[in-house]
There are 2 protein chains.
Amino acid sequence: MTLADVARRAGVSQTTASFVLSGRREEMRISSQVEARILRAVQETGYRPNVVSRSLRTGSTHTIGFVSDTVATTPFAGHLIWGALDAARDHDRLLLIAETEGDPALETQLIETMRDRQVEGIVLASMYTRWANVPRALLGGPSVLLNVLPSKETLVASVIPDEAEAGRAAARLLLEAGHREGIYAVGVGVDPVRTPKGSVAASERLLGIEDVLSSAGTGLAGGVFLDDWQPLGGYDATKQILAREVPARALICFNDRVSFGAYQALEDAGLKIAHDVSVVSFDDEPVASWLRPGLTSVALPHYELGRKAIEVLLSLDGASRPGAVHRVEMPVRVRESVGRVELLAGA
Amino acid sequence: MTLADVARRAGVSQTTASFVLSGRREEMRISSQVEARILRAVQETGYRPNVVSRSLRTGSTHTIGFVSDTVATTPFAGHLIWGALDAARDHDRLLLIAETEGDPALETQLIETMRDRQVEGIVLASMYTRWANVPRALLGGPSVLLNVLPSKETLVASVIPDEAEAGRAAARLLLEAGHREGIYAVGVGVDPVRTPKGSVAASERLLGIEDVLSSAGTGLAGGVFLDDWQPLGGYDATKQILAREVPARALICFNDRVSFGAYQALEDAGLKIAHDVSVVSFDDEPVASWLRPGLTSVALPHYELGRKAIEVLLSLDGASRPGAVHRVEMPVRVRESVGRVELLAGA
DNA sequence: CCCATGCGCTAAATCGCATTAGCGCGTTGC
DNA sequence: GCAACGCGCTAATGCGATTTAGCGCATGGG
């Protein structure tokens, strides 16, 4: 069933049918009788337009390429896709998705494949925030980096979570609860600073934390570097911290998995979370709400990041300055893992 | 840059250029000199074929539609997409993805939109296994159901996890450890049977469990129905079970979140997991490996399910019987939450 | 010497739609 | 009464590739 079939059945030219179906009837002064005939023909034939053909003619596919390193590793990174999907639908676009598995050659190939398919633009996404060079292939057309911070100056815009502000928020939570001493970082080293390689989250969060703490005339009592932020590491690190000279009164765990391990270590040590030691965390994975007491965590705004990337991409023709870095706010999810110091045991 | 440009530059016809670039040189007896000229022209111009145009002509887009209810809720359901993406790439296809958010009208609309884009086929996926009617729109072309079991007879093939066998596996784990009495289900009611509405997992797992237990001359001591399988529910349910007459020696938790709550309840009661009470679970979410002792869980094979769906879709022209239900094995991940009965306290 | 054959390549049609240019007819103006 | 104009619609072209049909030339056979 093609437009020609419909036109023939309605006894009009293809042109007329096209005008009617694309809503240009009035503009083209097609009579309502003719319109009715065409619409009836559409009904009867069950005609559906061939979008491939339309795309070839108009030069617009209404499709956006979404190339990510991996959808698999971080569970709720799927929300990145979710947000992108939603924003795309709001603008009547569909997403063509592919995964590079971290392979640069594959990345280039996939970007080119997508351009060959005449996508309107490409979102190059990482599932965790990291620094990276902008692949040359990306420069061949409109594109946006998602969760990727370009290592060098570039014209490609990027969308990332506001990690520094998140760090400040976490530190403020502790200050407001009266914490001043015995605040430890779990996941990054302090003095000398040591953060997992390539992790924007680690260094920016730490910067934000120290910014706020030093403004309040205090600072971190210490920290334990972890290469990989998993529960076991959090457990071991917390054990270490509990053996330090300055007694731990608050832990800033650099993600929820680390917090999970920290909870186990604190429980093993017979310490009551929030009562003896406060814990703040980052990411707000589901497990944060499962723990008892509920873990206060600064959330990664995956959904919003995904949305934003699409919106920046689609408005590249003006609003957004080329090369702009858009930072998306990380909301604080307050639960019960931070206790007020005056109420703390031994205060 | 079009094929015409390349041809002009090489001093040949578009036809010849097309033959060379599509690897039909020998067949069409194009001389190697001409081939060289064309290849050089391609190099010099940086020509890339316009896939939209090619699709219009050949009628094949090399694109598969992936329509899911939601990528968001279950974290590792992203692995469904991962598997599908991988399988698609193996067959040189790209995936067009969209999400219905459970809205049937949107579902129909998205399926039609994808057909309009001439996708080769559509995978209709649910992020958790459920029964559903096959939407009429899906019948308009090749399609496969993923994680969806058709309520009525249909010609559409489906791919789902083998939940009944998973239930059998879970029960066997307990039997092999010597468990016979005090085996409780956490998540579904027993006597009378009561399972969350629409959940294939619940009823098939239970069927498998009872099958194996009754073959061994025993059965479930009881069960607690939960509408939603979350940690809090698991916690409450386990408390209830611990108050029952027959002492609990083993819990079959219907997913890992429920297990998480069960762990908390068992710890609260001063019971040692594996030593006093064994726990087996389903899904194998990441948290299963974070818990201590590690939670033995029968895994949802998300990646494999995604792969299989694409493979079934692409071989619909023969291999797979129409309407076939493909059940994918759920692998057992043995950790430390099941203890041998002779070693159990009080045995 | 002429026809048949094969070689190496090209002209032109086609896919389904959007769009520009313009056609035929009736009405109006002077 | 004829030009000018507006109305309602259509013919024809192009998007960029693939593919069918066939062209002109050289060669070989009889």
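Here B/Arg48 contributes atom CZ and B/Met1 contributes atom CE; the two are 14.0 Å apart, rounded to the nearest 0.5 Å.
One interatomic measurement links the two molecules: CD of B/Gln14 to P of C/dA12, which rounds to 13 Å at whole-angstrom precision. Separating the CG atom of A/Leu21 from the C1' atom of C/dG16 is a distance of 13 Å, rounded to the nearest angstrom. Separating the CZ atom of B/Arg57 from the P atom of C/dC17 is a distance of 15 Å, rounded to the nearest angstrom. D/dG16 atom C1' lies 8 Å from atom OH of B/Tyr47, rounded to whole Å. Rounded to whole angstrom, the span from the CG atom of A/Asp116 across to the P atom of D/dA17 amounts to 10 Å. When rounded to the nearest whole Å, the span between CG of A/Leu3 and P of D/dC15 equals 20 Å. Protein atom CD1 of A/Ile38 is 14 Å distant from nucleotide atom P of D/dG8, rounded to whole Å. Distance, A/Arg54 CZ to D/dC15 C1': 14 Å, rounded to whole Å.
Nucleic acid contact for B/Ser18: base, since at least one base atom lies under 4.0 Å from a heavy atom of the residue. Contacts of B/Val34 with the nucleic acid, taken as non-hydrogen atoms under 4.0 Å apart, involve only primed sugar atoms and P, OP1 or OP2. Counting any heavy atom pair closer than 4.0 Å across all strands shown, B/Thr16 reaches a base atom.
The side chain of B/Arg29 lies closest to C/dC7, out of D/dC9, C/dC7, D/dC7. Side-chain atoms of A/Leu56 lie closest to C/dG16 of the nucleotides C/dG16, D/dT10, C/dC17. Across D/dA17, D/dA11, C/dA18, the shortest atom-to-atom separation from the side chain of B/Asn50 is found for D/dA17.
The side chain to side chain contact (heavy atoms under 4.5 Å, CB included) with A/His62 is formed by just one residue from the set A/Val119, A/Asp92, A/Leu94; it is A/Asp92. Tested against A/Leu85, the residues A/Leu95, A/Leu80, A/Asp90 include a single side chain to side chain contact (heavy atoms under 4.5 Å, CB included) partner, A/Leu95.
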Footprint string (nucleotides 20-25 of chain C, 5' to 3'): B base within contact, S backbone only, - free, heavy atoms under 4.0 Å: B-----

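For the 3.5 Å distance criterion, the side chains of B/Asp69 and B/Ser126 qualify, holding a donor opposite an acceptor. A/Thr16 and A/Ser13 share a side-chain donor-acceptor pair at under 3.5 Å. Side chains of A/Arg93 and A/Thr61: a donor-acceptor N/O pair is absent below 3.5 angstrom, by distance only.
Mapping A/Val12 and A/Thr58 onto DNA chain D via the closest heavy atom, the residue that lands nearer the 5' end is A/Val12.
Between the side chain of A/Asp86 and the main chain of A/Gly83, no donor-acceptor pair closer than 3.5 Å is present.
Phosphate proximity of D/dA17 to B/Ser53: absent, as no side-chain N or O sits under 4.0 Å from OP1 or OP2.
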